[in-house]
Amino acid sequence: MNNESYLNMELLRFTTAGSVDDGKSTLIGRLLYDSKSIFQDQLESITKISNRKGLDHLDLSLLTDGLKDEREQGITIEVAYRYFATPKRKFIIADTPGHIQYTRNMVTGASTANVALILIDARKGVIEQTYRHSFIASLLQIPHLIVCVNKMDLVNYEEEVFNTIVTNYKNFASKLDVKDICFIPISALNGDNVVNRSSNMNWYEGSTLMYTLENMHIGSDQNHLDPRFPVQTIIRPHSNEFHDHRAYAGRIEGGVFRKGEEVLLLPSGLKSKINSIYYGDKEISEAFPPMSVSMTLCDEIDISRGDIFVKQNNQPNASQDLEVMFCWLNQSPLNLSGKYLLKHTTNSVRAIFKEIIYKLDIQTISRNEMDKEIVSNDIFRAKIRTTKPLFFDPYRKNRNTGSLILIDEITNETLAAGMIV
Amino acid sequence: MNNYLLKHLQELESESIYIMREVFSQFENPVILFSGGKDSIVLTHLARKAFWPAKIPFPLLHIDTGHNFPETLTYRDWMVNEIGARLIIGSVQNSIDLGRTKEESGLNASRNALQTITLLDAITEHKFDACLGGARRDEEKARAKERIFSHRDEFGQWNPKNQRPELWNLFNGNKLLDEHFRVFPISNWTEMDVWQYILAENISLPSLYFAHEREVFERNKTLLSVSPYLTLREGEKAIKKVVRYRTCGDMTITGAIESEAETLEEIIIEVAASRLTERGNREDDKRSETSMEDRKKQGYF
Ligand SMILES: Nc1nc2c(ncn2[C@@H]2O[C@H](COP(=O)(O)OP(=O)(O)O)[C@@H](O)[C@H]2O)c(=O)[nH]1
């Protein structure tokens, strides 16, 4: 790969979901192995362990089994991140376990993903866990779903089996809020349709998994319509050369900002014009998500962390009362009379719960309005009130300005992930 | 709107800069852990970009084992001067002299593990509440699971079983008194990303990374440099070879590779073709399957 093309690569983040033994670790191992992202010493180490375990094939799943306790128990517990690259794209995999704590872990992995890979065991077909995983992917608004029907080798690579699973899945998926779904029959163990086309399934006319990951359109995954720039910090050099330099640093969380344009500052409601935009030490003329930039304005205005730059004719919602879909992540249950710390963009406020509207039974994907006991892994909709107004967009419209987390004021642990409705 | 898509190195760069600015905003007394290796050099470069045209608002902390390559120290002093940063040195020799820690004995003794005590002492002494490190998740299995904002208890220990979930780009740096965070802004970079970035940004590196002639000897399949810190054993012979380094740790444990790569472009070609991980040449990681994880739990980098 020459340097030119390396500099032209795009970044795609994906998460994987499947129940235990659907072959998730094997599939990731296969992607790494077939894309030649594995090193000799790693290969030697897994060969050694495979032999010790008396296996006749290379156990590719060992490549992704992270920490000691987990290796001993032979299971993956936590979210782990893996990396590989092809000449077109660099990939970041958030590898999440399919069983215990699956909701919490999958939500975490899904929060930054462009794509979710959903694994189905061809012998078992669409099962309850498939619904759950797909539902979480849709809740977290992952823009693309790839459903991999795995272990096709165990069903004689039959088209019929694949088609039935696709039909069943589509019936259910019509209830989900997902824009882009595709289906691929694979064998992670043998490598069919993972990186290389399978000669065992000539009836399949679609692309391999790797080709799909390399070519799917991710240019619209970020919001480019609604300009949002939450201020992270203020840069004041106090040097002779940059005596009056006062720049607002942050990341573009939506839309496009251009030099010379008028911006509205919230919460003050004051207006000013963008004097300059810097990316590092280079001046640029426009900035878009997810660029980290700094901007100077034409007027001297009192601005601090947590303030947001928007446009007069395109303003976010502003309110102290929010309706939020939450996923409770912590072991200790929700205390309805408790006060919580809330982080949203670069803002920190305190929040209280006003009402639990319903809890989602994610086995059946139905609403339960009676049960208000919220424990670890629960997904629920609630009304909260914050100490000061937040400037937000619905999560569906913008994942960056529509997401929040709750923090325990005493233990400082992250308790819940929230998506503003 | 297709043209509004960042290239992957820019996206990584933007993410790292965002994280640096969060550290600045959320903590009172952050520090950059500066080893003199390419990752901490890239980290420092990113910090400059994050706060430009202001100076980096963090001092650099170098844990000096006393077994460093002289080239690393020369580079360190040059760079600190170049960017006008404040350098704090934590000396492992000092910790040994004060009886805080003991030199390892035995065949493969090194000062690598001893650094943990010196690091934790420096954190306590200077009341650092966030230490920015250049670790990457592709380096090692235990790192693959570590958060970007990684919590440490009052003993400086990492608890891999009780990590805070990290969602979206909302980083929770809240903590109790005497606890601190390790923050890894380049978590999502790979070795290749780092090299390509060094090339694209024209970042200068210690001369160790480039091919040079050096007296080396072979031990446990590793080419170690002849130095005052290692005594040749029976059957070991010093020979002159053209070598370079992929990481720069202690002279006592860091293996050289035979290489003719004299420029960044040549190094990149070599890294791309390499079939060994960069840590594969480090004795410290070879001790057992889980040596990194065990050290991290104690408070290692
Ligand atoms: N026959 C066959 N076995 C597979 C395939 N993929 C995975 N397996 C096996 O299924 C078992 C579980 O796989 P693993 O990757 O550990 O599943 P995980 O729990 O989802 O990570 C292992 O014994 C794998 O070898 C496949 O495509 N075909």
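Within every chain, numbering begins at 1; the chains are lettered A, B, ... in the order of the sequence lines, protein sequences first and strands thereafter.
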Ring geometry between B/Tyr4 and A/His224 (parallel below 30°, tilted from 30 to 60°, perpendicular above 60°): tilted
Working to the nearest 0.5 Å, report the span between [atom1] of [X] and [atom2] of [Y].
{"X": "A/Met9", "Y": "B/Met192", "atom1": "CE", "atom2": "CE", "result": "9.0 Å"}
{"X": "B/Ile17", "Y": "A/Tyr279", "atom1": "CD1", "atom2": "OH", "result": "5.5 Å"}
{"X": "B/Asn169", "Y": "A/Ser403", "atom1": "CG", "atom2": "OG", "result": "8.0 Å"}
{"X": "A/Asp408", "Y": "B/Arg164", "atom1": "CG", "atom2": "CZ", "result": "9.5 Å"}
{"X": "B/Leu199", "Y": "A/Leu7", "atom1": "CG", "atom2": "CG", "result": "7.5 Å"}
{"X": "B/Glu166", "Y": "A/Thr414", "atom1": "CD", "atom2": "OG1", "result": "8.0 Å"}

Option that, when pairs with chain B are counted at under 4.5 Å, heavy atom only, ranks first among [options]:
{"options": "A/Thr233, A/Ile218, A/Val107", "result": "A/Thr233"}
{"options": "A/Ser292, A/Pro289, A/Ser294, A/Ala247", "result": "A/Ser292"}
{"options": "A/Ser111, A/Pro237, A/Gly250", "result": "A/Ser111"}
{"options": "A/Asp221, A/Leu404, A/Asn412, A/Ile407", "result": "A/Asn412"}
{"options": "A/Glu253, A/Met291, A/Gln232", "result": "A/Gln232"}

Toward chain A, the part of B/Phe171 with a non-hydrogen atom under 4.5 Å: backbone
Crowding at CZ, A/Arg258 (>12 non-hydrogen neighbours, <6.0 Å):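 Correct, the count exceeds 12.
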Residue A/Tyr33 excluded, over 12 heavy atoms near OH under 6.0 Å: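 Counting neighbours around OH of A/Tyr33, 12 or fewer heavy atoms of other residues, nucleotides or ligands fall under 6.0 Å, so no.
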Of all the heavy-atom pairs spanning [X] and [Y], show the shortest one and how long it is.
{"X": "A/Ile235", "Y": "B/Ala50", "result": "CD1-O, 3.5 Å"}
{"X": "B/Arg21", "Y": "A/Val293", "result": "NH1-O, 2.9 Å"}
{"X": "A/Val79", "Y": "B/Arg147", "result": "O-NH1, 4.1 Å"}
{"X": "A/Gly418", "Y": "B/Trp168", "result": "O-CH2, 3.6 Å"}
{"X": "A/Pro290", "Y": "B/Ser14", "result": "O-CB, 3.4 Å"}

Residue [X] versus chain B: region with a heavy atom under 4.5 Å:
{"X": "A/Thr108", "answer": "both"}
{"X": "A/Thr345", "answer": "backbone"}
{"X": "A/Leu12", "answer": "neither"}
{"X": "A/Arg13", "answer": "side chain"}
{"X": "A/Gln222", "answer": "neither"}
{"X": "A/Leu415", "answer": "neither"}
{"X": "A/His238", "answer": "neither"}
{"X": "A/Ile405", "answer": "both"}

Criterion side-chain contact (heavy atoms from CB on, under 4.5 Å) on B/Leu167 and A/Leu329, from CA distance to verdict: CA-CA 11 Å; B/Leu167 297 112; A/Leu329 309 166; 3.6 Å; yes
Which of B/Asp193, B/Leu46, B/Leu9, B/Ile269 touches chain A most, by non-hydrogen pairs under 4.5 Å: B/Asp193
Leading residue by heavy atom contact count with chain A [cutoff under 4.5 Å; candidates B/Glu15, B/Lys55, B/Glu179]: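 Most heavy-atom pairs within the cutoff with chain A belong to B/Glu15.
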Would you say the side chain of [Y] lies within less than 4.5 Å of the side chain of [X], judging by non-hydrogen atoms?
{"X": "B/Leu5", "Y": "A/Glu10", "result": "yes"}
{"X": "B/Pro165", "Y": "A/Arg104", "result": "yes"}
{"X": "A/Lys90", "Y": "B/Thr190", "result": "yes"}

Between B/Asn188 and A/Tyr81: side-chain donor-acceptor atoms closer than 3.5 Å: no
Salt bridge (Lys or Arg N to Asp or Glu O under 4.0 Å) partner of B/Glu22, chosen from A/Arg305, A/Lys343, A/Arg251: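 Single salt bridge (Lys or Arg N to Asp or Glu O under 4.0 Å) partner of B/Glu22 among A/Arg305, A/Lys343, A/Arg251: A/Arg305.
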Chain A neighbours within residues 24-31 of chain B, where any heavy atom lies under 4.5 Å away: B/Phe24, B/Ser25, B/Gln26
Partner residues of A/Tyr278 under the ring pair (Phe, Tyr, Trp, His ring centres under 6.0 Å) criterion, sequence neighbours left out: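 Once residues adjacent in sequence are excluded, the partners of A/Tyr278 under the ring pair (Phe, Tyr, Trp, His ring centres under 6.0 Å) criterion are A/His245, B/Trp52.
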Carboxylate-amine/guanidinium contact B/Lys49 A/Asp281, below 4.0 Å: no
